[in-house]
Visitor: 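Structure incoming, see below.
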Amino acid sequence: MDEPTTLKPTCREVHRLVSESMDRKLTVVERGRKHVHLMVCAACTRFSGQMDLLRQAVRGAPPEE
């Protein structure tokens, strides 16, 4: 993972973290950066909610034959 170059995470970084959190456990720093950004960014909060909804839908889908 590339180290962040600024203290304030960008929407692009948060989108990446939201996506990656579905495949792996984020580090403490990554979780903190994501959490702080989601507290102030409605667009990323919606994106995170949409990703959670998609994940739940995929988990509930019947297996392909």
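The figures here come from the full heavy-atom set of this structure, side chains too, leaving out hydrogens, waters and symmetry mates.
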Visitor: Is there a side-chain contact (heavy atoms from CB on, under 4.5 Å) between Arg33 and Lys8 once you walk through the steps?
Guide: CA-CA 8 Å; Arg33 289 176 65 79; Lys8 180 181 175 220; over 6 Å; no
Visitor: Quick check: do Thr10 and Glu13 have side-chain heavy atoms less than 4.5 Å from each other?
Guide: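 Thr10 reaches Glu13 side chain to side chain.
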Visitor: Give the minimum heavy-atom separation between Arg31 and Leu26, together with the two atoms involved.
Guide: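 Smallest interatomic distance, heavy atoms only, reads NH1-O, 2.6 Å.
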Visitor: Quick check: does any side chain N or O of Glu30 sit under 3.5 Å from a backbone N or O of Thr27, one acting as donor and the other as acceptor?
Guide: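 Side chain of Glu30 to backbone of Thr27: a pair is present.
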Visitor: Give the table of side-chain donor-acceptor pairs shorter than 3.5 Å for residues 36-57, with sequence neighbours excluded, one pair per line with atom names and distance.
Guide:
residue, atom, partner, partner atom, Å
His37, ND1, Pro9, O, 3.1
Thr45, OG1, Leu38, O, 2.8
Thr45, OG1, Cys41, O, 2.9
Arg55, NH2, Met22, O, 3.3

